[in-house]
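Okay, structure first, notes after.
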Number of protein chains: 2
Amino acid sequence: MPKHKQAIDATTHQKIKTAARMVFHQKGYAATRTRHIAEAAGINLALLNYYFKSKEQLFNLIMLETFTELVATIKEIVTNPNTSLHQKVSNLVATYIDQLLQEPQIPLFIVSEIRNNPQILVNTLQVPNIIFQSAFARQYAQSVQNGSIAPLPIMHFLMNLLGFTVFPFIAQPMLQTIGSLTPEQFTQMMQERKQLIPKWVAALLAP
Amino acid sequence: MPKHKQAIDATTHQKIKTAARMVFHQKGYAATRTRHIAEAAGINLALLNYYFKSKEQLFNLIMLETFTELVATIKEIVTNPNTSLHQKVSNLVATYIDQLLQEPQIPLFIVSEIRNNPQILVNTLQVPNIIFQSAFARQYAQSVQNGSIAPLPIMHFLMNLLGFTVFPFIAQPMLQTIGSLTPEQFTQMMQERKQLIPKWVAALLAP
DNA sequence: AAACGTTTTAATCATTTGATTAAAATTGCA
DNA sequence: TGCAATTTTAATCAAATGATTAAAACGTTT
């Protein structure tokens with residue numbers, strides 16, 4: 001089994017990653033079959049192990065990449081010192097909704113798979129640091145301090161913001177079925193929420 | 001292989017169901033091993049198939065029972081003609097939070113597994129009927145009509161109410177890790193939300 | 001206690017599934 | 001071109017897993 005200096009074929013490598021991302025996001029780790037990934041990528045099953053060693057390593061890579069993209073988005077918005085608290089909320093909501101409308105299965109993938117390794121949030125991705133050391137957190141504390149928003153613990157605020165924004169994606173199949181919504185109608189509602197959520201957040205935080 | 005008139009042993013039958021419920025809720029269908037259920041129930045693996053025929057049938061039973069309990073709770077509150085709209089919200093929130101604090105894995109179980117068969121919501125459980133033909137839906141429409149609440153489409157309202165109430169359970173491992181919360185602190189927050197959510201809902205619906 | 005139905009067990013099966021291997025095909029380049 | 005490294009394939013392996021079977025244990029009735 002050879003493998004030496006030359007960089008591995010980017011297109012085959014990439015085809016596998018793209019297929020793996022799709023299948024893992026859709027079915028989760030346990031329900032995913034490596035044969036299914038290979039088929040979706042149009043490659044021989046052995047190639048998957050040739051390039052990525054094992055199902056688990058491929059999964060870890062997809063998991064990390066998926067998470068990293070999301071965290072980069074948060075970080076950029078939340079650390080910006082030139083926007084107000086409410087502007088940050090609007091930016092977060094709009095950016096996330098746009099991003100998740102592209103890959104709506106991501107939120108359920110994340111909450112399902114994070115259970116098996118929540119420490120990645122702290123150890124690798126530094127999420128608590130990014131959130132609680134940010135301009136956003138400072139502005140939030142300050143606004144509570146000077147009474148311009150209600151003294152709501154920031155974890156309640158975080159639950160609400162995520163509940164408004166990402167919960168609909170998590171529950172999409174359920175909500176579409178209950179509400180007899182077409183995928184287009186669901187998308188339309190999420191577009192509306194880009195405007196609505198900032199207003200709701202303002203209402204919740206009114207002192 | 002015998003099986004005749006006499007009712008099957010309730011305690012063994014029940015032990016398996018209890019173990020299956022626990023394991024399925026925790027790991028989902030794909031990651032669950034029938035051997036693990038048998039071990040958790042303290043029975044021989046073959047007994048599982050003796051009583052329940054197959055993993056899939058046992059799963060369908062647990063799924064149906066889990067769902068039925070939740071829907072019964074909604075139905076009771078939402079069809080009550082003697083409570084106001086806002087009382088119904090308070091009742092729903094308090095009842096659900098109490099119920100889910102007992103089995104916090106249920107919401108993630110539901111949203112994960114419903115994807116494979118969302119039609120059960122319509123065909124078996126009649127969830128759309130229960131919600132949209134209820135006193136609650138009538139009161140909501142009426143209140144929009146006479147301007148006592150904002151004209152928010154009821155599906156947005158439903159997303160928000162579920163986002164407030166069940167999303168924290170879905171994201172519990174993530175939220176606990178990010179916020180360095182002990183399970184007790186998480187429970188405490190959910191108790192606080194029984195008071196907070198109705199206020200937030202009122203704020204959102206203010207005309 | 002004998003007979004019968006029911007429940008439980010140990011052993012085993014067949015299939016699925018992640019992974020490996022050895023050989024073939026392809027590519028880069030001296 | 002020819003050679004060496006790399007990439008790809010078909011075939012196969014070993015373990016895991018859902019399910020079955022045949023026999024043993026148990027309980028109830030007569």
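For the numbers below, each heavy atom of this structure counts, side chains included, while hydrogens, waters and symmetry mates do not. In what follows, chains are A, B, ... by sequence order, proteins preceding strands, each numbered from 1.
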Side-chain touch [X]/[Y], heavy atoms, less than 4.5 angstrom:
X         : Y         : result
Met174(B) : Ile110(A) : yes
Gln99(B)  : Leu70(B)  : yes
Asn160(A) : Arg193(B) : yes

Measure the distance from [atom1] on [X] to [atom2] on [N] and round it to the nearest whole Å.
X        : N       : atom1 : atom2 : result
Leu45(B) : dT8(C)  : CG    : P     : 14 Å
Ile43(B) : dT9(C)  : CD1   : P     : 8 Å
Phe52(A) : dA19(C) : CZ    : P     : 13 Å
His13(B) : dT8(C)  : NE2   : C1'   : 15 Å
Phe59(B) : dA19(D) : CZ    : P     : 14 Å
Leu47(A) : dA10(D) : CG    : P     : 11 Å
Asn49(A) : dA14(D) : CG    : P     : 16 Å
Ile16(B) : dA19(D) : CD1   : P     : 13 Å

TODO: For residues Val89(B) and Pro198(B), report the shortest heavy-atom separation together with the two atoms involved.
DONE: CG1-CA, 4.4 Å
TODO: Identify whether NZ of Lys or CZ of Arg in Lys55(B) sits under 6.0 Å from the centre of the six-membered ring of Phe24(B) and within 45° of that ring's axis.
DONE: no
Short side-chain N/O contact from [X] to OP1 or OP2 of [N], under 4.0 Å:
X        : N       : value
Thr12(B) : dT7(C)  : no
Tyr50(A) : dA19(C) : no
Asn44(A) : dA10(D) : yes

- [ ] Evaluate the ring planes of Phe109(B) and His25(B), with Trp represented by its six-membered ring, and classify them as parallel (under 30°), tilted (30 to 60°) or perpendicular (over 60°).
- [x] tilted
Task: Candidates dT8(C), dG18(D), dT9(C) - which lies nearest the side chain of Tyr51(B) - done: dT8(C)
Open item on the list: Near DNA chain D, counting only heavy atoms under 4.0 Å, which residues of residues 27-40 of chain B show up?
Closed with: Thr32(B), Arg33(B), Thr34(B), Arg35(B)
Open item on the list: What I want to check is whether the side chains of Thr32(B) and Lys27(B) have a donor and an acceptor closer together than 3.5 Å.
Closed with: no
